[in-house]
Novice: 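Attaching a single structure in structure tokens format; questions to follow.
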Amino acid sequence: MSLKPSIPKGTRDFSTDEMLRREYIFDTIKNVFRLYGYQPIETPAMENLSTLLGKYGEEGDKLLFRILNSGDFLSSVSDDELGNREPAKLSSKICEKGLRYDLTVPFARYVVQHRDEIIFPFKRYQIQPVWRADRPQKGRYREFFQCDVDVIGSDSLLNEYELVKIVDDIFKRLNIATVIKINNRKVLSGIAAFIGEPDKITDITVAIDKLDKIGIEAVNAELIAKGLSQKAISKLQPVLQLTGNTEIKLTRLEQLLAQSETGLKGISELKTLFGYIENSSISCEVELDLTLARGLNYYTGAIIEVKSKDVSFGSICGGGRYDNLTGVFGMDGVSGVGISFGADRIYDVLNQLNLFSEIKVSSTEVLIVNFGEKETQYALKSLDLLRSLGVRVELYPDAVKLKKQMSYADAKKIPYILIAGEDEIMKNNIIFKNMSSGEQSSMLLADLDSFVNNVIKKIL
RNA sequence: GUGGAUGUAGUUCAGUUGGUUAGAACGUCGGAUUGUGGUUCCGAAGGUCGCCGGUUCGAACCCGGUCUUCCACCCCA
């Protein structure tokens, strides 16, 4: 009896073709990160649950994959506790590790743990998978790759500006048209204070985040359901209905939030950031979006989200500033800002827009035909020579029918084959065959390198 | 987590009101062609009908459960 092979829900295998395309995305992103002076780190797939819990809000805690303790994981659980069937309590007793949910929190932990070795401001990038026990959907996986860049140990808004430039640069290289949406948590706090419901900031932001989607009526209804007073809601209306360009919106908002110190701070940050952006060459659209909220708990300043203009599902990139994330690990006064690229969603966007066809996929360039033991000895010379010339070449491992070996080259889209059989050995020759034209050139083995340099290299 | 749909060869899909031996195309393998691929022609292999249980003389088809994938919500990359 054989098991039907399968992989867990929401996870994927990547084929060779997919991997070549994914590597193209990773390489593009990595090159830009390096260009801006960021350096790589990696952290473990699993973290202690104490590191992860409470950083992503209630919803986030539920979505953490927990790792069952090894050995007798029930040793510290009493029969009563088992009988009570309270998953939350029980899991804290039988699990002490979890899979990372994002790269930002492990990074904050890393910074605190290695603060003596780190040179601040610390600019790092990190490209690794993360796991969420979400229900899978289009563009939503349980295992997916994030590509994070963060600067920690600097308050300067130049960092936010640089992130916007990085986003612009990467998507320009990938040929994806995007909109960068920017908001500021301080402004959102200011709004919550202004309408007299400072504690309800999360409910308010979550509700107004949906403004585009469900309309103003439904948003108001949701706010009532969340327990906001009628007065607060009516005070909120002018904020929701702000129109005009960024400058007009910010000026209006400044008047409305005149009483809130935090709100004004947020507005001045936004003004500075947009000032930088206006004076630079940025090709994608950048807009102020007051309805942008972002659920992650730890953001305190700028928040950024990037959407594809042509394909609609969630965002392909998101981030923001967090002032206190290292504080929970015992290191205060260190502010960070960062952004995360969703490689899997970027892949889906490129795929849907058919942008992969233009990418040169690099695979084997020459296949050497295998005719048997004696011929292989002869062919190995060409194999070594071609590789030393930097040509990607492989020798077919078995001496099967020529027809089969050619079909293999065909299926793998290998543009050239090298034939060296009995006849060629006698004349000290080899045959180079162009698979798309069918044209064959016969030459002395000694002339192979000049043929490759003068003819083949110019075509490949 | 809530609600809805889905599952049949490797892949994409047919399959009549429940009725003998579940089909096609593409792909795979073999041959026509023992040293020349893509095209063509001929042939073959490949299925516990997602899984478990129930109803029935009889189930791919009806019922229950379960898992997968997809969609909406929640949330998010």
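No hydrogens, no waters, no symmetry mates; every other heavy atom, side chains included, goes into these values.
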Novice: Dot-bracket for RNA chain B, please. Rules: Watson-Crick or G-U, both distances under 3.5 Å, ( ) within the strand, [ ] when a pair crosses earlier ones, | for another strand, . otherwise.
Specialist: (((((.(..((((.....[...)))).(((((.......))))).....(((((..]....)))))).)))))....
Novice: Give a yes or no on whether the backbone of A/Ala379 and the side-chain of A/Lys381 come within a donor-acceptor separation of less than 3.5 Å.
Specialist: no
Novice: Please report the distance, rounded to the nearest Å, between CZ in A/Arg12 and C1' in B/A77.
Specialist: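 Checked: the CZ to C1' distance equals 11 Å.
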Novice: Say we look at B/G64 and B/C26: how far apart would their P atoms be, to the nearest angstrom?
Specialist: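 One P to the other, the span is 39 Å.
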Novice: Distance check, P atoms only: B/C61 and B/G18, in whole angstrom units.
Specialist: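 Taking atom P in both B/C61 and B/G18, they lie 11 Å apart.
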Novice: For nucleotides 25-27 of chain B, which of its nitrogen or oxygen atoms have a protein nitrogen or oxygen under 3.5 Å away, and what is each distance?
Specialist:
none

Novice: Which comes earlier along RNA chain B counting from the 5' end, the contact point of A/Gly318 or that of A/Ser437, where each point is its nearest nucleotide?
Specialist: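 Closest to the 5' end, via its nearest nucleotide, is A/Ser437.
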Novice: Base, sugar-phosphate, or nothing: which does A/Ile346 touch, judged by heavy atoms less than 4.0 Å apart?
Specialist: nothing
Novice: Nearest whole angstrom, please: distance from the P of B/U36 to the CD of A/Glu439.
Specialist: 19 Å
Novice: If we take the P atom in both B/G15 and B/U28, what is their distance in whole Å?
Specialist: 27 Å
Novice: What do the steps show when you test A/Phe451 against A/Ser441 for side-chain contact (heavy atoms from CB on, under 4.5 Å), and what is the final call?
Specialist: CA-CA 10 Å; A/Phe451 178 73; A/Ser441 339; 3.8 Å; yes
Novice: Could you give all pairs that pass the salt bridge (Lys or Arg N to Asp or Glu O under 4.0 Å) test and reach residues 92-103 of chain A, with sequence neighbours left out?
Specialist: A/Glu81-A/Lys93
Novice: A/Tyr298 vs A/Tyr322 aromatic rings, parallel, tilted or perpendicular, using cut-offs 30° and 60°?
Specialist: perpendicular
Novice: State whether A/Lys401 places a side-chain N or O below 4.0 Å from either non-bridging phosphate oxygen (OP1 or OP2) of B/G31.
Specialist: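 It does, given that an N or O in the side chain of A/Lys401 lies less than 4.0 Å from OP1 or OP2 of B/G31.
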Novice: Nearest-Å distance, CD1 (A/Ile417) to C1' (B/G35)?
Specialist: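 Distance check: A/Ile417 CD1 to B/G35 C1' gives 10 Å.
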Novice: Remember a base hit wins even if backbone is also touched, and classify A/Gly438 as base, sugar-phosphate or nothing at under 4.0 Å, heavy atoms.
Specialist: base
Novice: When only distance counts, do a donor and an acceptor, one from the side chain of A/Lys433 and one from the base of B/U36, lie under 3.5 Å apart?
Specialist: yes
Novice: Please give the distance between the P atoms of B/G50 and B/U8 as a whole number of Å.
Specialist: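 Looking at atom P only, B/G50 and B/U8 are 6 Å apart.
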Novice: A/Lys404 has a side chain; which of B/G35, B/C76, B/G30 sits nearest to it?
Specialist: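 The answer is B/G30, which lies nearest to the side chain.
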Novice: How far does the C1' atom of B/A45 sit from the matching atom of B/C29, given to the nearest Å?
Specialist: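 7 Å, rounded to whole Å.
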Novice: Does one side chain, of A/Thr28 or A/Arg173, offer a donor that lies under 3.5 Å from an acceptor on the other?
Specialist: no
Novice: At less than 3.5 Å, do the side-chain atoms of A/Asp410 and the base atoms of B/G38 form a donor-acceptor pair?
Specialist: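 No such pair is found, so the answer is no.
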Novice: Can you list everything that forms a side chain to side chain donor-acceptor pair (under 3.5 Å) with A/Glu394? Sequence neighbours excluded, please.
Specialist: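 Side chain to side chain donor-acceptor pair (under 3.5 Å) list for A/Glu394, sorted by chain: A/Thr364, A/Tyr408, A/Lys412.
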Novice: I'd like to compare against my own output: the B/S/- annotation of nucleotides 68-73 of chain B with a strict under-4.0 Å heavy-atom distance to protein.
Specialist: SS-SBB
Novice: Do any N or O atoms of the protein come closer than 3.5 Å to N or O atoms of nucleotides 5-7 of chain B, and which pairs are they?
Specialist:
none

Novice: Using the six-membered ring for Trp and the full ring for Phe, Tyr or His, decide whether A/Phe144 stacks on the six-membered base ring of B/A77 (centres under 5.5 Å, planes under 30°).
Specialist: yes
Novice: With RNA chain B as reference, determine whether A/Ala411 or A/Gly421 sits nearer its 5' end, using the nearest nucleotide of each.
Specialist: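 That would be A/Ala411.
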Novice: Can you pull the salt bridge (Lys or Arg N to Asp or Glu O under 4.0 Å) pairs that have at least one residue in residues 418-445 of chain A, sequence neighbours excluded?
Specialist: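 Of all non-adjacent pairs touching residues 418-445 of chain A, none passes salt bridge (Lys or Arg N to Asp or Glu O under 4.0 Å).
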Novice: With A/Tyr36, which residues qualify under side-chain contact (heavy atoms from CB on, under 4.5 Å), at least two apart?
Specialist: A/Val32, A/Tyr38, A/Glu162, A/Lys165, A/Ile166, A/Asp169
Novice: Take the protein atom CZ of A/Arg132 and the nucleotide atom C1' of B/A77, then report the distance between them rounded to whole Å.
Specialist: 6 Å
Novice: Under 4.0 Å, heavy atoms only, any strand: does A/Asp423 hit a base, just the sugar-phosphate, or nothing?
Specialist: base
Novice: Can you check whether A/Gly327's main-chain N or O pairs, donor with acceptor, with A/Asn324's side chain at less than 3.5 Å?
Specialist: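 Such a contact is absent between A/Asn324 side chain and A/Gly327 backbone.
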Novice: With a 4.0 Å cut-off on heavy atoms, is A/Cys317 in touch with a base, just the backbone sugar-phosphate, or nothing at all?
Specialist: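 The residue A/Cys317 makes sugar-phosphate contact but no base contact.
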Novice: For A/Glu269, give me all partners under side chain to side chain donor-acceptor pair (under 3.5 Å), at least two apart in sequence or on another chain.
Specialist: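 Result, side chain to side chain donor-acceptor pair (under 3.5 Å) vs A/Glu269: A/Asn184, A/Lys186, A/Lys265.
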Novice: State whether a side-chain donor-acceptor pair under 3.5 Å links A/Gln237 with A/Asn220.
Specialist: yes
Novice: Determine whether any donor atom in the side chain of A/Glu424 lies under 3.5 Å from an acceptor atom in the base of B/G35, or the reverse, and answer yes or no.
Specialist: yes
Novice: Is it true that, when you exclude A/Asn69 itself, more than 12 heavy atoms of the residues, nucleotides or ligands shown sit nearer than 6.0 Å to its CG?
Specialist: yes
Novice: On a whole-Å scale, what distance lies between the P atoms belonging to B/A44 and B/C49?
Specialist: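 Taking atom P in both B/A44 and B/C49, they lie 24 Å apart.
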Novice: Using the test side chain to side chain donor-acceptor pair (under 3.5 Å), find all partners of A/Arg142 that sit at least two apart in sequence or belong to another chain.
Specialist: none
Novice: Rounded off to whole Å, could you give me the OH-to-C1' distance for the A/Tyr408 and B/U36 pair?
Specialist: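 That distance rounds to 18 Å.
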Novice: Which whole number of Å gives the distance between the P atom of B/U34 and that of B/U12?
Specialist: 37 Å
Novice: Nearest whole angstrom, please: distance from the C1' of B/A32 to the NZ of A/Lys403.
Specialist: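 Taking atom C1' of B/A32 as the reference, NZ of A/Lys403 is at 9 Å.
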Novice: Could you work out the separation of B/A25 and B/G43 based on their P atoms and round it to a whole Å?
Specialist: 12 Å
Novice: Ion pair present between A/Asp398 and A/Lys404, side-chain N to carboxylate O less than 4.0 angstrom?
Specialist: no
Novice: Once you round it to whole Å, what is the distance between C1' of B/G37 and CZ of A/Phe432?
Specialist: 16 Å
Novice: Measure distances between side-chain N and O atoms of A/Gln405 and base N and O atoms of B/U36, and say whether any donor-acceptor pair falls under 3.5 Å.
Specialist: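 Result: no qualifying N/O pair found.
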Novice: Considering only B/C74, B/G35, B/G37, which nucleotide approaches the side chain of A/Glu59 most closely?
Specialist: B/C74
Novice: Can you list the residues that meet the side-chain contact (heavy atoms from CB on, under 4.5 Å) rule with A/Glu18, with sequence neighbours excluded?
Specialist: A/Phe14, A/Ser15, A/Tyr347
Novice: To the nearest angstrom, how far is A/Ile419 atom CD1 from B/G37 atom P?
Specialist: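 In whole Å, B/G37 P lies 10 Å from A/Ile419 CD1.
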Novice: Please, which pairs that meet ring-ring contact (aromatic ring centres under 6.0 Å, His included) have at least one residue in residues 127-147 of chain A, sequence neighbours excluded?
Specialist: A/Phe26-A/Phe145
Novice: Mind checking if A/Ile316 touches a base, just sugar-phosphate, or nothing, with heavy atoms under 4.0 Å?
Specialist: sugar-phosphate
Novice: Taking atom types as modelled, find out whether A/Asp289 and A/Thr291 have a side-chain donor-acceptor pair closer than 3.5 angstrom.
Specialist: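 Side chains of A/Asp289 and A/Thr291: pair found under 3.5 Å.
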